[in-house]
**Student:** 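Have a look at this one.
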Number of protein chains: 4
Amino acid sequence: MAAEAALISVVPNSNPGSNPEKRPGRPRSDKSREAILDATRKMLMHTPLRDISIEAVAKRAGVGKTTIYRWWPHKAALVMEAFLAQPGLQNILPTTPGADDALKVQLEKLIRQLRGQNGRIVANIIAEAQAEPEALDLLNKSFMNERVENLRRHLTQGKAEGLFNADLDTDMAIDQLLGPVFYRLLTNPEALDERFNSHYPEQAVNTLKA
Amino acid sequence: MAAEAALISVVPNSNPGSNPEKRPGRPRSDKSREAILDATRKMLMHTPLRDISIEAVAKRAGVGKTTIYRWWPHKAALVMEAFLAQPGLQNILPTTPGADDALKVQLEKLIRQLRGQNGRIVANIIAEAQAEPEALDLLNKSFMNERVENLRRHLTQGKAEGLFNADLDTDMAIDQLLGPVFYRLLTNPEALDERFNSHYPEQAVNTLKA
Amino acid sequence: MAAEAALISVVPNSNPGSNPEKRPGRPRSDKSREAILDATRKMLMHTPLRDISIEAVAKRAGVGKTTIYRWWPHKAALVMEAFLAQPGLQNILPTTPGADDALKVQLEKLIRQLRGQNGRIVANIIAEAQAEPEALDLLNKSFMNERVENLRRHLTQGKAEGLFNADLDTDMAIDQLLGPVFYRLLTNPEALDERFNSHYPEQAVNTLKA
Amino acid sequence: MAAEAALISVVPNSNPGSNPEKRPGRPRSDKSREAILDATRKMLMHTPLRDISIEAVAKRAGVGKTTIYRWWPHKAALVMEAFLAQPGLQNILPTTPGADDALKVQLEKLIRQLRGQNGRIVANIIAEAQAEPEALDLLNKSFMNERVENLRRHLTQGKAEGLFNADLDTDMAIDQLLGPVFYRLLTNPEALDERFNSHYPEQAVNTLKA
DNA sequence: GGGTAACCGAGACGGTACGTCTAGTCTTTAA
DNA sequence: TTAAAGACTAGACGTACCGTCTCGGTTACCC
């Protein structure tokens, strides 16, 4: 739910008005919107993002191209909405007592989310974002930030508790935790395997300890 | 020179035979080859990889499109050869006494190489490689591996010397060192700044210490 | 006008609906249509059909290639429409009293139309049609048939009047009249000269007489 | 045999010198020559002339492209030699007593030669020749002329015998006989059928009679 | 028997055009 | 009045051939 809200606030024009339908003119077709997102989702299953064209999405959705261009500024925005609005990508975490355990749980959850199909899609979104600076922002806002902030919270707490060294650079520590995961995702995705998932969080968090 | 050799062995057909020219037919034109790589290099200076077309490279190089397609299977392969065969990307490192210092020096060198223009290009190559599995291999073989192997050597040595914990997973440790660098490169390139360069290698290597 | 109508009914999609424009979406651009036909006509003046490329037509007309491919299935179809829709190719004949004179007039008119530039174009269309069976149909429907039918009418009438032998095979007689004209056009175009025009119709029609 | 001689004298460079092999250098390879003509013939069986490329002929014949370009100036020249040098295309006619019968026999022979596969090829050659003036000459010299001259001989004889009107224009009469055949071949090849063969020569020759 | 000349195959070269696809924009009708 | 449909210009894609060229070699003749 948090994800949904964040997404909506991020994708411009996604919901044209907060008040329920007060604007003049023909209203947006929800059928088209769903058809577009559906088509996108289905194509993401078996096609690299690079090879998905607005044109193809429009054709598959039975919709004019303009309808897509009106509501989403980039392919990246469309894909992000289609992708993130699916179940299993929310970042709801159980509350755990220790800051170190919380970090580990967060990392495990992330790795699990990035394995297989979904991982490929995220990798492709990151790739796409290299040529579309706005998309990079969108990616950070709709996917990265909540993970980052969660890590930051626990790191700060851990520093306060003396679990981690007080002069540890928090931003850098966050990147030390997340970096290896995305590095594998992008340069050697098969290495993001079960073994990695069961050892990496432990080793990564422990090396940060005071 | 090591880079050159590695590259040649990696790009298929780049050197058609190891014995000096025994094949029939008109031999490959070195002039064209250079013109193509030159044109590619120049376009990389000011254009995002996504917006560089084979067509444009051919035109700028004064060469037929076929000549490019004959020798390079992808845009990624072409770009990789053009980019990596330039000076300043070799990974020649001064020999340093301690394994920990050696690791830091390697990381600093890498960060310096990935800042600015070159960093954008590498990021774009990684992005391109997401849709072209062969290109990912090529990237690993021609750029990543020498860095990785260098780190591995020093990590192994460090473990032998008791500098690092003996049961540290070396592969994972390598990714812990490299991951954050590429993670920033891809998701927040401005963060790959001077400050990062002067603190990250120290902090990263130290957290690995026994 | 008859030619125009015939042509339109023959070229598929040329007029997308018989009712005057009720479909959604942007309507076909008449400006583009005219520009394309114009460009084609102008290129036909000085270039053999074989050397006219769709690409060049598009460029000269200031039009996207797709627009041409959307509306014309072949180069032959395009050329045929461009060529036949020009003035001087309609087959309006003065009514003459005798069937034999009518035949002569029709042949003279045809020979005059096929001399010079226009003849070359028709010859090229016939040539093009050898590799494109659809184009052969189109040629027959839009150019040949009206001449053929006119000849048939007068031959039938002539047979009824006893001017020609009653058991003359009409189809064959038509080909006996037209054949030599096209034969010269294709194998010896210079022979389609003034002398031929002033003697052939007379001799051809007379040999058919009872 | 006459055909062979005529052809050789027509295709330039086909026999590089009149004296039998006195020149220095490696002599022309007859094996390659045959392979090229064979390959061409085989491709003509099932491919429209337009879609036969020199490149493909060379590959099929196991021959360098240059070898073809060295000896034949056009595709049309190559095809003409390949096609005409096959059996069944010589125009050897039994001597018949009457000039009118001789004409009929010549026409029947021609129609039989132009039915089916061979007819398509001739049509394609005529088509090709529209864009290649030299080829038109070659076609006339190597195929048309002997038929034309045969018709002329018999027409002249017939006029002398009083069988045909003395002031009949011979050239025009020739075209009246041949025209319809080629006209059907090019614009309506299915009409070149058995029925046509059994009626046309009779009707055509008879209409010429005094 | 060495030199020279013309041939041969292979195949790379700079080009042109193909017909398709996609990007974004523009111009209608439908709601 | 806005949405949606679909035609528009522009231009890259990767492929097929064009006709030319440059190799290493071969096969004759000529001295």
Side-chain angles (χ1 to χ4, degrees), chain A residues 16 23-29 31-33 51-59 62-71 75, chain B residues 16 21-29 31-33 35 51-59 61-71 73 75, chain C residues 16 21-29 31-33 35 51-59 61-71 73-75, chain D residues 16 21-29 31-33 51-59 61-71 73-75:
Chain A
R23 298 185 314 147
R26 179 175 175 176
R28 176 174 187 183
S29 156
K31 215 180 102 204
S32 291
R33 183 178 171 277
D51 302 342
I52 295 179
S53 61
I54 298 284
E55 191 117 358
V57 172
K59 181 162 289 175
V63 138
K65 272 199 289 180
T66 0
T67 308
I68 299 181
Y69 280 112
R70 194 184 335 269
W71 299 108
K75 193 165 70 173
Chain B
E21 300 306 327
K22 278 288 187 188
R23 296 188 319 150
R26 182 175 176 174
R28 178 173 186 182
S29 157
K31 214 181 102 202
S32 292
R33 183 177 171 277
D51 302 343
I52 295 179
S53 65
I54 297 283
E55 195 125 356
V57 173
K59 183 159 291 175
V63 137
K65 268 199 288 182
T66 345
T67 305
I68 299 181
Y69 283 112
R70 193 173 359 250
W71 299 109
K75 195 164 70 173
Chain C
E21 302 304 329
K22 279 289 185 189
R23 297 187 316 149
R26 181 175 178 174
R28 177 172 187 183
S29 157
K31 214 180 103 202
S32 291
R33 182 177 172 279
D51 301 342
I52 295 180
S53 63
I54 297 283
E55 195 125 357
V57 172
K59 182 159 290 175
V63 138
K65 270 199 287 182
T66 343
T67 304
I68 299 181
Y69 283 113
R70 191 175 358 253
W71 300 109
H74 321 111
K75 194 165 69 175
Chain D
E21 302 304 329
K22 280 289 186 188
R23 298 184 315 149
R26 180 177 178 172
R28 176 173 188 183
S29 158
K31 214 181 103 202
S32 291
R33 183 177 171 276
D51 302 342
I52 295 179
S53 63
I54 298 284
E55 193 122 357
V57 172
K59 181 161 288 175
V63 138
K65 270 199 288 181
T66 344
T67 306
I68 299 181
Y69 282 112
R70 192 176 353 254
W71 300 109
H74 323 109
K75 193 164 71 174

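Chain letters run A, B, ... following the sequence lines, proteins first and then strands; every chain starts at 1. Keep in mind it's a predicted model, so treat the numbers as computed, not measured.
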**Student:** Output the rounded distance in Å from CZ (D:R70) to C1' (E:dG9).
**Tutor:** 10 Å

**Student:** Distance check, rounded to the nearest 0.5 Å: A:I54 atom CD1 versus A:Y69 atom OH?
**Tutor:** 5.0 Å

**Student:** Quick check: on DNA chain F, is the nucleotide nearest A:V63 upstream (toward 5') of the one nearest C:A61, or the reverse? Name the residue that is more 5'.
**Tutor:**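 Nearest-nucleotide comparison on DNA chain F picks A:V63.
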
**Student:** Can you tell me how far NZ of B:K75 sits from CD1 of B:I52, rounded to the nearest 0.5 angstrom?
**Tutor:**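 The NZ atom of B:K75 is 7.0 Å from CD1 of B:I52, to the nearest 0.5 Å.
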
**Student:** How long is the line joining CD1 of D:I68 and P of E:dC8, in whole Å?
**Tutor:**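 Taking atom P of E:dC8 as the reference, CD1 of D:I68 is at 11 Å.
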
**Student:** Might you point out which heavy atoms bring B:A61 and B:A35 nearest each other, and give the distance in Å?
**Tutor:** CB-O, 3.5 Å

**Student:** Starting at atom CZ of D:R33, determine the distance to atom P of E:dG9, rounded to an integer number of angstrom.
**Tutor:**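 About 14 Å, once rounded to whole Å.
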
**Student:** Taking atom C1' of F:dC17 as reference, at what distance in whole Å does atom NE2 of D:H74 sit?
**Tutor:** 17 Å

**Student:** Does D:T67 put a side-chain nitrogen or oxygen below 4.0 Å from OP1 or OP2 of E:dC7?
**Tutor:** no

**Student:** Check this one for me: any side-chain N or O of B:W71 less than 4.0 Å away from OP1 or OP2 of E:dC13?
**Tutor:**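 Yes.
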
**Student:** Taking only N and O in the side chain of D:S32, is any of them less than 4.0 Å away from OP1 or OP2 of E:dC7?
**Tutor:** no

**Student:** Got a donor-acceptor pair under 3.5 Å from the side chain of A:R26 to the base of E:dA30?
**Tutor:**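 By the distance-only test, yes, there is a pair.
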
**Student:** Please examine the side chains of B:R33 and B:W71, heavy atoms only from C-beta on, and report whether any two atoms are closer than 4.5 Å.
**Tutor:** no

**Student:** Heavy-atom nearest nucleotide on DNA chain F for B:P24 versus C:G62: which residue maps closer to 5'?
**Tutor:** C:G62

**Student:** Give the minimum heavy-atom separation between C:A58 and C:G64, together with the two atoms involved.
**Tutor:**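 Shortest heavy-atom contact: CB-C, 4.3 Å.
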
**Student:** Nearest-Å distance, CZ (C:R28) to P (E:dT29)?
**Tutor:**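 Rounding to the nearest Å, CZ of C:R28 and P of E:dT29 are 17 Å apart.
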
**Student:** If you measure from CD1 on A:I68 to CZ on A:R70, what distance do you get to the nearest 0.5 Å?
**Tutor:** 11.5 Å

**Student:** Between C:D51 and B:S29, which has a closest nucleotide on DNA chain E that is more 5'?
**Tutor:** B:S29

**Student:** Distances under 3.5 Å between protein N/O atoms and the N/O atoms of nucleotides 18-20 of chain E, please, pair by pair.
**Tutor:**
unit_1 : atom_1 : unit_2 : atom_2 : d
E:dC18 : OP1    : C:I54  : N      : 3.0
E:dC18 : OP2    : C:I54  : N      : 3.3
E:dC18 : OP2    : C:E55  : N      : 2.9
E:dG19 : OP2    : C:Y69  : OH     : 2.7
E:dG19 : N7     : C:K65  : NZ     : 3.0
E:dG19 : O6     : C:K65  : NZ     : 2.7

**Student:** Shortest non-hydrogen contact from B:T67 to B:S32?
**Tutor:** CG2-CB, 4.5 Å

**Student:** State whether B:R23 places a side-chain N or O below 4.0 Å from either non-bridging phosphate oxygen (OP1 or OP2) of E:dG11.
**Tutor:**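 No, B:R23 has no side-chain N/O under 4.0 Å of OP1/OP2 on E:dG11.
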
